A.B. asks: 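Let me begin by handing over the structure; questions about it come next.
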Amino acid sequence: MEYFEELLKRPSVFKDESKLDINFIPDKLPHRDKEISLLSQLFLGLITNPNSISRKILITGKTGIGKTATIKLFGELLEEASRKRDVNIKYIHVNCRKERTSYKVLIKLIQLIDKRFPKRGYSSQDLLDILIEFLHRHNLHILIGLDELSYLINKHEDLIYSLTRINDDTLKGDQRLSIIGVVRDISCLNNLDISTLSTLQRNIINFKNYSKNQILDILKYRAEISLKKNVISNKMLEMVSEITNSTGDIRTGLNILWRACKIAESKNLKYLTAECVRLGSQDLLPFSTLDVLEYMTSQKQIFLLAIIKALDNGRLIDISFNEALKSYNMICENIGLTPRSHSQVWNYLQEFKRENIVVVDVISEKIKGRRALIRIPDLSLPKLEKNTIEILNSKGYII
Ligand SMILES: Nc1ncnc2c1ncn2[C@@H]1O[C@H](COP(=O)(O)OP(=O)(O)O)[C@@H](O)[C@H]1O
Ligand SMILES: [Mg+2]
């Protein structure tokens with residue numbers, strides 16, 4: 001009867017658990033001052049000369065080094081500064097990995113400024129016109145953060161084409177739209193037409209990886225705002241930073257901190273021990289993999305599961321494509337799903353390769369010719385299997 005009471009009586013090590021969440025945007029971003037200051041200089045004109053300037057900036061840099069957090073925080077700072085001067089500027093953050101088509105991005109943009117806007121019944125061109133109309137009518141300038149832009153580029157570069165040209169063609173001299181695009185590296189942009197590319201490439205800010213000491217500072221700050229005093233010693237912070245430094249992805253550190261704290265609480269401890277940190281960092285899947293996994297189509301997730309199962313939970317080092325295919329067909333049969341074609345599944349494999357989930361070694365054999373051998377070298381297979389099944393279950397597949 002007293003389950004909650006018992007739990008609530010336990011001393012917590014957290015001051016504010018939500019501040020360790022990877023989506024939380026802190027008020028400060030240690031070691032990104034330079035970047036924020038540079039962004040402020042580049043966008044100052046939006047405030048000093050309202051609606052007469054449009055800026056298009058590109059941000060590059062690896063995963064987990066504060067690109068998203070920086071532009072979101074910068075968006076807030078820009079809105080605040082413009083409000084003080086009675087200039088109407090709004091920052092809108094769009095994650096192109098989530099809104100994968102031009103249509104979805106545009107709907108998202110419009111709904112962020114007009115919540116009652118209906119979702120259906122418009123073409124992309126309609127939406128673009130409606131957006132422009134809206135900006136005029138409300139005397140508004142928007143800064144759009146197109147995060148993870150590469151997801152949009154491969155298939156729907158038309159939107160980027162239109163957005164980068166809105167000011168030129170349609171606004172009769174008024175400038176009402178600016179863009180910050182975020183990509184891992186500029187090679188993602190190779191598919192763009194030359195003039196869009198050159199527009200975007202004029203201003204590139206490259207975010208450098210954090211050093212080990214910078215990682216330590218950042219995690220120290222995040223621990224300060226989320227944990228009670230004396231819960232984590234410098235020594236433990238160094239331990240977490242050390243592990244985080246191997247990927248450079250701050251999310252790893254935040255996750256280890258959170259898990260280690262949960263473990264400490266379950267042991268009724270008031271502070272983190274080395275054992276808590278060690279347990280907290282076991283079997284972590286890299287966030288880059290989790291991101292990719294979460295947004296995959298179900299068929300592709302099922303094929304990944306098929307590879308994991310064929311690898312027999314790590315008992316086999318590698319398997320052939322045919323073995324993966326057999327395993328995939330078996331899962332499909334079990335759950336009553338029509339399998340995708342041979343060539344489609346082969347494409348999935350190529351995508352896994354690009355997403356750094358699998359390694360494919362092509363070996364030549366005298367008799368059979370060339371053979372592809374599939375491995376998953378860097379990930380904990382039981383963890384990956386568990387996560388994949390959980391996601392599939394949440395979509396209604398009973399595996
Ligand atoms: N300088 C920093 N100070 C505090 N937290 C940071 C800092 N840099 C990154 N983070 C945190 O690390 C996580 C990953 O950052 P994120 O902006 O999502 O990386 P990216 O977009 O480059 O992949 C986020 O939870 C973010 O809040
Ligand atoms: Mg990001």
Side-chain angles (χ1 to χ4, degrees), residues 14-40 57-77 91-100 105 108 144-153 179-186 188 204-227 232 237 240-241 243-259 261 281 284-295 355-356:
F14 294 104
K15 185 159 69 186
D16 184 349
E17 191 174 330
S18 68
K19 292 186 174 158
L20 277 184
D21 192 291
I22 53 171
N23 295 315
F24 173 77
I25 307 294
D27 301 334
K28 277 195 307 187
L29 293 169
H31 302 294
R32 287 293 175 224
D33 307 328
K34 260 209 321 258
E35 287 78 4
I36 296 180
S37 150
L38 190 55
L39 283 169
S40 312
I57 311 281
L58 204 60
I59 287 176
T60 58
K62 277 204 181 161
T63 322
I65 59 167
K67 301 187 299 300
T68 300
T70 300
I71 60 171
K72 281 188 167 170
L73 182 63
F74 175 70
E76 282 176 23
L77 297 174
Y91 172 76
I92 297 173
H93 191 87
V94 180
N95 185 329
C96 303
R97 196 210 313 249
K98 288 185 186 156
E99 325 295 334
R100 279 221 189 169
V105 172
K108 169 103 190 196
I144 309 177
L146 291 173
D147 206 352
E148 314 212 35
L149 183 57
S150 55
Y151 282 84
L152 208 61
I153 285 172
I179 294 176
I180 301 182
V182 181
V183 288
R184 223 168 301 169
D185 59 276
I186 40 174
C188 307
I204 299 183
I205 306 178
N206 179 243
F207 279 44
K208 297 224 164 53
N209 296 347
Y210 294 124
S211 69
K212 207 156 83 182
N213 284 333
Q214 290 177 333
I215 292 177
L216 181 66
D217 281 346
I218 291 167
L219 292 178
K220 193 172 192 160
Y221 166 62
R222 294 294 291 254
E224 254 165 38
I225 57 177
S226 57
L227 307 184
I232 187 160
L237 266 172
V240 180
S241 306
I243 308 170
T244 309
N245 190 43
S246 63
T247 62
D249 187 336
I250 298 294
R251 292 176 298 179
T252 308
L254 295 175
N255 201 230
I256 295 174
L257 280 180
W258 182 81
R259 289 172 37 139
C261 286
S281 53
L284 279 182
L285 286 182
F287 274 92
S288 46
T289 310
L290 291 176
D291 286 344
V292 175
L293 189 61
E294 192 173 345
Y295 295 108
E355 290 155 350
N356 286 327

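Just so it is clear, the values below take in all heavy atoms, side chains as well, and ignore hydrogens, waters and symmetry mates. In this text the structure is predicted, and so the values were computed from the model without any measurement. Both counts, for ligands and for their atoms, begin at 1 and track the order of listing.
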A.B. asks: State which residue, out of Ile65, Leu39, Leu73, fulfils the side-chain contact (heavy atoms from CB on, under 4.5 Å) condition with Arg32.
C.D. replies: Ile65

A.B. asks: Within less than 2.8 Å, report the number of protein N/O/S atoms around the Mg ion (ligand 2).
C.D. replies: 1

A.B. asks: Would you say Gly64 touches ligand 1, if touching means a heavy atom closer than 4.0 Å?
C.D. replies: yes

A.B. asks: Under 4.0 Å from any heavy atom of Thr63, which atoms of ligand 1 are there?
C.D. replies: 23 (O)

A.B. asks: Does ligand 1 come near enough to Lys67 that some N or O of the ligand is less than 3.5 Å from an N or O of the residue?
C.D. replies: yes

A.B. asks: Decide whether an N or O pair under 3.5 Å exists between Leu254 and ligand 1.
C.D. replies: no

A.B. asks: What do the steps show when you test His93 against Thr68 for side chain to side chain contact (heavy atoms under 4.5 Å, CB included), and what is the final call?
C.D. replies: CA-CA 9 Å; His93 191 87; Thr68 300; 3.9 Å; yes

A.B. asks: Relative to the heavy atoms of Tyr210, which atoms of ligand 1 are at a distance of less than 4.0 Å?
C.D. replies: 1 (N), 2 (C), 7 (C), 8 (N), 9 (C)

A.B. asks: Against heavy atoms of Ile65, which atoms of ligand 1 measure under 4.0 Å?
C.D. replies: 19 (O), 20 (P), 22 (O)

A.B. asks: Got the closest protein heavy atom to atom 4 (C) of ligand 1, with its distance?
C.D. replies: Ile218 CG2, 3.5 Å

A.B. asks: Which atom pair, heavy atoms only, marks the closest approach of Tyr91 to Lys72?
C.D. replies: CE2-CA, 4.2 Å

A.B. asks: What protein heavy atom sits nearest atom 17 (O) of ligand 1, and how far off is it?
C.D. replies: Ala69 N, 2.8 Å

A.B. asks: Does any non-hydrogen side-chain atom of Val182 lie less than 4.5 Å from one of Leu149?
C.D. replies: no

A.B. asks: Distance-only criterion, 3.5 Å: show the donor-acceptor pairs between side-chain atoms of residues 216-225 and protein atoms not counting sequence neighbours.
C.D. replies:
from, atom 1, to, atom 2, distance (Å)
Asp217, OD2, His31, NE2, 2.7
Lys220, NZ, Asn234, OD1, 3.3
Tyr221, OH, Lys28, N, 3.4
Arg222, NE, Lys19, O, 3.2
Arg222, NH2, Lys19, O, 3.0
Arg222, NH2, Asp21, O, 3.1

A.B. asks: Which of these, Arg222, Lys62, Lys19, Arg251, has its nearest heavy atom closest to atom 27 (O) of ligand 1?
C.D. replies: Arg222

A.B. asks: Is Lys67 reaching over with its side chain to a backbone N or O of Lys62, donor-acceptor style, under 3.5 angstrom?
C.D. replies: yes

A.B. asks: With sequence neighbours excluded, tell me which residues meet ring pair (Phe, Tyr, Trp, His ring centres under 6.0 Å) with Phe74.
C.D. replies: Phe43

A.B. asks: Looking at side-chain heavy atoms only, is the closest gap between Ile22 and Asn255 below 4.5 Å?
C.D. replies: no

A.B. asks: For ligand 1, which atoms have a heavy atom of Phe24 less than 4.0 angstrom away?
C.D. replies: 27 (O)

A.B. asks: List the atom of Asp16, the atom of Ser18, and the distance in Å for their closest heavy-atom pair.
C.D. replies: OD1-OG, 2.7 Å

A.B. asks: Under the salt bridge (Lys or Arg N to Asp or Glu O under 4.0 Å) rule, what pairs show up with a residue in residues 204-213, not counting sequence neighbours?
C.D. replies: Lys212-Glu242

A.B. asks: Between Thr60 and Asp185, do the side chains contain a donor N or O and an acceptor N or O under 3.5 Å apart?
C.D. replies: no

A.B. asks: Give the numbers and elements of all ligand 1 atoms closer than 4.0 Å to a heavy atom of Thr68.
C.D. replies: 17 (O), 18 (O), 20 (P), 21 (O)

A.B. asks: Determine the minimum heavy-atom distance between Gly253 and Thr244, stating which atoms define it.
C.D. replies: CA-OG1, 3.2 Å

A.B. asks: With a sphere of 6.0 Å drawn around CZ of Arg259, does it hold more than 12 non-hydrogen atoms of other residues, nucleotides or ligands?
C.D. replies: yes

A.B. asks: Taking both backbone and side-chain atoms of Ile250, is any N or O found less than 3.5 Å from an N or O belonging to ligand 1?
C.D. replies: no

A.B. asks: Which residue owns the protein heavy atom closest to atom 3 (N) of ligand 1, what's the atom, and how far is it?
C.D. replies: Pro30 CD, 3.2 Å

A.B. asks: Give the atom numbers and elements of ligand 1 that come within less than 4.0 Å of a heavy atom of Ile22.
C.D. replies: 24 (C), 25 (O)

A.B. asks: Got the closest protein heavy atom to atom 19 (O) of ligand 1, with its distance?
C.D. replies: Gly66 N, 3.1 Å

A.B. asks: Considering only heavy atoms, does Leu29 approach ligand 1 within less than 4.0 Å through its side chain, its backbone, both, or neither?
C.D. replies: both

